[in-house]
Enquirer: 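I'd like to ask you about the structure that follows.
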Amino acid sequence: MLSTPHPRRAMLYRMVMDHHVCPYGLKARHLLRSRGFAVDDRWLTSREATEAFKAEHGVKTTPQTFIDGERIGGYDDLRRHLGMAVADPKATTYTPVVALFGMTLLMALAASHAAYGTPFTLRAAEWFIAFSMAVLALLKLQNVESFSTMFLNYDLLARRWVPYATLYPFAEGLAGVLMIAGALNWLSIPLALTIGTIGAVSVFKAVYIDRRELKCACVGGSSNVPLGFVSLTENLMMVLMALWMLAAALGIGPGHAVPAAHAATAAQSAAHSAAASPGPPAHRAPGRG
């Protein structure tokens with residue numbers, strides 16, 4: 001009979017107090033257990049115990065992991081020890097943008113399915129842009145001061161009139177919401193066209209003419225998304241959406257066409273309702289019983 005090998009043992013010191021449980025300690029314990037370690041989970045239940053532990057081992061943070069008597073370090077150190085990647089908080093990334101546009105695309109497809117019975121409609125494409133505008137504005141509005149500071153690095157109008165940097169996310173959000181509703185086109189179309197055009201020109205000049213390396217303010221002021229294609233796409237989307245809606249309003253575009261399948265279903269429902277409703281009472285001929 002083959003003997004089962006004993007799991008490697010790890011000792012984990014982490015803060016577990018009445019009003020605070022260290023989240024990185026929980027992550028470290030889960031990671032160790034998922035890698036097959038038997039964890040000796042030792043709690044630091046007070047600030048005094050935590051400070052005494054840090055002074056004893058000459059460390060500045062907890063949790064601290066020990067494997068086979070060797071101190072590995074904190075949660076990031078543990079990940080490195082196990083051959084796992086550790087995110088660099090200062091590194092540029094497109095992850096927030098991919099997540100945002102992926103979610104707004106799914107939202108647009110879902111809304112189209114709910115409204116028209118199919119996700120693949122022209123209205124879904126319009127909603128995708130409008131939803132994206134609204135969510136991008138939401139991210140900027142989380143910290144308008146931080147956004148405006150980053151925005152002033154490259155926007156041409158904001159650098160001439162500073163309040164525009166604060167007004168921009170409100171204008172983008174308003175245009176997006178109105179376009180979702182299909183309401184007040186006389187306001188949403190010129191608003192999106194104006195801010196989108198200014199933004200596109202500003203980004204193009206900063207990145208492709210001046211060759212400046214800046215962070216993009218498109219997903220808020222605390223992101224590490226590089227200025228360039230993403231921000232240019234955001235502004236061009238607004239411009240194209242405004243032109244599309246303008247063409248529809250002037251009667252030279254397809255407008256918000258309802259898919260044929262949904263139109264047929266609606267017509268069948270209407271016909272069924274008409275057949276089920278009672279018609280006018282029949283008139284009896286005079287003298288008939």
Side-chain angles (χ1 to χ4, degrees), residues 97 100-101 103-116 119 121-152 154-206 216-221 227 230-259:
V97 178
L100 186 150
F101 286 122
M103 183 56 67
T104 53
L105 175 60
L106 292 175
M107 290 167 59
L109 295 174
S112 176
H113 185 275
Y116 299 122
T121 62
L122 287 175
R123 194 70 176 111
E126 295 172 352
W127 274 331
F128 166 60
I129 296 177
F131 284 152
S132 298
M133 291 168 59
V135 176
L136 285 165
L138 172 65
L139 294 176
K140 297 176 178 72
L141 289 169
Q142 289 182 109
N143 191 332
V144 178
E145 186 64 25
S146 178
F147 161 77
S148 63
T149 300
M150 189 179 292
F151 193 61
L152 283 164
Y154 58 87
D155 189 83
L156 297 175
L157 177 56
R159 298 177 83 172
R160 289 180 174 271
W161 186 53
V162 173
Y164 176 67
T166 301
L167 294 174
Y168 180 92
F170 294 95
E172 183 180 32
L174 177 60
V177 170
L178 291 177
M179 287 177 169
I180 292 171
L184 303 182
N185 290 344
W186 58 268
L187 176 59
S188 65
I189 292 174
L191 190 60
L193 189 59
T194 301
I195 65 175
T197 302
I198 295 171
V201 172
S202 299
V203 172
F204 188 84
K205 181 179 185 301
C216 178
C218 56
V219 290
L227 181 68
V230 174
S231 187
L232 185 60
T233 300
E234 174 192 6
N235 289 288
L236 290 178
M237 283 171 57
M238 282 192 281
V239 172
L240 291 175
M241 181 67 168
L243 294 175
W244 174 266
M245 295 183 66
L246 180 61
L250 296 176
I252 56 177
H256 308 319
V258 178

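Remember, it's a predicted structure, so these values are computed and weren't measured experimentally.
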Enquirer: Report the C-alpha distance between Met133 and Met238 in whole Å, list the side-chain angles of each, state the deciding distance to 0.1 Å, and finish with yes or no for side-chain contact (heavy atoms from CB on, under 4.5 Å).
Expert: CA-CA 8 Å; Met133 291 168 59; Met238 282 192 281; 3.7 Å; yes

Enquirer: Any idea which heavy atoms bring Arg123 and Ala181 closest together, and the distance?
Expert: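 Here Arg123 and Ala181 meet closest at NH2-C, 4.3 Å.
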
Enquirer: I'd like to know if the side chain of Ser132 reaches the main chain of Phe101, judged simply by a donor and an acceptor atom lying under 3.5 Å from each other, with no hydrogens or angles considered.
Expert: no

Enquirer: Drop me the distance from Thr121's OG1 to Leu109's CG, to the nearest 0.5 angstrom.
Expert: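 One finds 8.0 Å between OG1 of Thr121 and CG of Leu109.
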
Enquirer: Under the side-chain contact (heavy atoms from CB on, under 4.5 Å) rule, what do Leu152 and Asp155 come out as? Steps first, then yes or no, please.
Expert: CA-CA 6 Å; Leu152 283 164; Asp155 189 83; over 6 Å; no

Enquirer: Taking only residues two or more places apart in sequence, or in another chain, which ones meet Val177 in a side chain to side chain contact (heavy atoms under 4.5 Å, CB included)?
Expert: none

Enquirer: Mind listing the closest non-hydrogen atom pair of Ala124 and Ala108 along with its distance?
Expert: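 The answer is O-CB, 3.3 Å.
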
Enquirer: Once you round to the nearest 0.5 Å, how far does CG of Leu236 lie from CG of Leu240?
Expert: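 If I round to the nearest 0.5 Å, the distance is 6.0 Å.
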
Enquirer: Show, in sequence, the C-alpha distance, side-chain angles and deciding distance for Phe128 and Phe131, and conclude whether the ring-ring contact (aromatic ring centres under 6.0 Å, His included) test is met.
Expert: CA-CA 5 Å; Phe128 166 60; Phe131 284 152; 9.0 Å; no

Enquirer: Tell me which donor-acceptor pairs under 3.5 Å the side chains of residues 157-176 have, and how far apart each pair is, sequence neighbours excluded?
Expert:
unit_1, atom_1, unit_2, atom_2, d
Arg159, NH1, Asn153, O, 3.4
Tyr168, OH, Asn235, OD1, 3.4
Glu172, OE1, Lys140, NZ, 3.1

Enquirer: What distance do Leu193 atom CG and Met245 atom CE have between them, rounded to the nearest 0.5 Å?
Expert: 12.0 Å

Enquirer: In a check of side chain to side chain contact (heavy atoms under 4.5 Å, CB included) between Thr194 and each of Thr197, Ile198, Leu191, which one passes?
Expert: Ile198

Enquirer: Between atom CG of Leu122 and atom CH2 of Trp127, what is the distance when rounded to the nearest 0.5 Å?
Expert: 11.5 Å

Enquirer: Once you round to the nearest 0.5 Å, how far does CD of Glu234 lie from CG of Leu100?
Expert: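 Taking CD in Glu234 and CG in Leu100, the distance rounds to 9.0 Å.
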
Enquirer: Pairs in or reaching into residues 179-206: which pass ring-ring contact (aromatic ring centres under 6.0 Å, His included), with residues at least two apart or in two chains?
Expert: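 Applying ring-ring contact (aromatic ring centres under 6.0 Å, His included) to every pair that reaches into residues 179-206, excluding sequence neighbours, yields Phe204-Tyr208.
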
Enquirer: Might you point out which heavy atoms bring Met241 and Ala130 nearest each other, and give the distance in Å?
Expert: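 Nearest pair, atom of Met241 first, then Ala130: CE-CB, 4.4 Å.
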
Enquirer: What pair of heavy atoms forms the shortest contact from Val201 to Leu156, and how long is it?
Expert: CG1-CD1, 4.0 Å

Enquirer: To the nearest 0.5 Å, tell me how far Leu105 CG sits from Ile129 CD1.
Expert: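 So the CG of Leu105 and the CD1 of Ile129 are separated by 11.0 Å.
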
